[in-house]
Asker: 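Before we start, here is the structure in question, set down as structure tokens.
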Amino acid sequence: MKSLQEAVALSQQQRAAAAAPTNNGPTGAEPVHTADDEEWHADLRALADEVTLFFEEAEKNISQHPTSSVVGALLVGILIGRLLGRH
């Protein structure tokens with residue numbers, strides 16, 4: 001997941017660096033798709049697939065161990081509440 005985040009960040013940097021206004025594109029309402037756009041969409045699809053896989057595995061693990069999941073969620077909630085409660 002970390003490598004995917006780095007790839008998306010690198011793609012964003014490259015896209016920002018390559019973004020320059022041009023006047024030689026079509027003037028119609030149809031958007032222009034470049035190789036960078038296709039790469040960006042491929043990265044987004046890969047990210048969506050990773051997130052979907054993560055949630056499917058989490059759902060399977062929670063189904064197999066419901067008591068442990070509830071206790072773990074309760075402890076995390078208490079920890080977050082105590083951290084946010086302190087000024």
Side-chain angles (χ1 to χ4, degrees):
M1 190 69 160
K2 184 73 169 174
S3 63
L4 184 59
Q5 290 172 339
E6 292 171 355
V8 169
L10 178 62
S11 177
Q12 287 175 337
Q13 291 172 352
Q14 290 172 346
R15 184 179 169 100
T22 59
N23 293 331
N24 57 356
T27 58
E30 192 172 313
V32 177
H33 295 286
T34 64
D36 287 339
D37 290 338
E38 294 301 321
E39 183 179 347
W40 175 251
H41 289 156
D43 288 343
L44 287 178
R45 281 190 293 273
L47 177 63
D49 291 342
E50 287 289 327
V51 169
T52 302
L53 180 63
F54 173 78
F55 281 114
E56 287 173 355
E57 288 183 16
E59 184 177 348
K60 183 172 56 172
N61 288 334
I62 291 170
S63 304
Q64 291 174 351
H65 309 287
T67 305
S68 301
S69 300
V70 169
V71 170
L74 179 64
L75 292 175
V76 169
I78 290 170
L79 177 65
I80 291 172
R82 297 203 28 103
L83 290 173
L84 293 177
R86 296 188 181 183
H87 298 289

Asker: Rounded to the nearest 0.5 Å, what's the gap from NZ on Lys60 to NE2 on His65? Could you check?
Answerer: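 With rounding to 0.5 Å, NZ (Lys60) is 10.5 Å from NE2 (His65).
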Asker: Could you check whether any side-chain N or O of Asp37 sits under 3.5 Å from a backbone N or O of Thr34, counting only pairs where one atom can act as donor and the other as acceptor?
Answerer: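 A pair under 3.5 Å: yes.
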Asker: CG/Leu75 to CD1/Ile80 distance, rounded to the nearest 0.5 angstrom?
Answerer: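 Answer for the CG-CD1 pair, Leu75 versus Ile80, is 11.0 Å.
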Asker: Looking only at non-hydrogen atoms, find the nearest pair between Pro66 and Ser63 and report the distance.
Answerer: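 For Pro66 versus Ser63, the nearest heavy atoms are CD-O, 3.6 Å.
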Asker: Counting only heavy atoms not in Gln64, do more than 12 sit closer than 6.0 Å to its CD atom?
Answerer: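 Enclosed.
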Asker: Kindly compute the distance separating CD1 (Ile62) from CD (Glu57), expressed to the nearest 0.5 Å.
Answerer: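 Nearest 0.5 Å value for the CD1-CD distance: 12.0 Å.
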Asker: So which heavy atom on Arg45 is nearest to which on Glu38, and how close?
Answerer: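 So the two residues come closest at NH2-O, 4.4 Å.
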Asker: Just to verify, what does Ile78 make a side-chain contact (heavy atoms from CB on, under 4.5 Å) with, not counting sequence neighbours?
Answerer: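 Here the qualifying residues are Leu74, Arg82.
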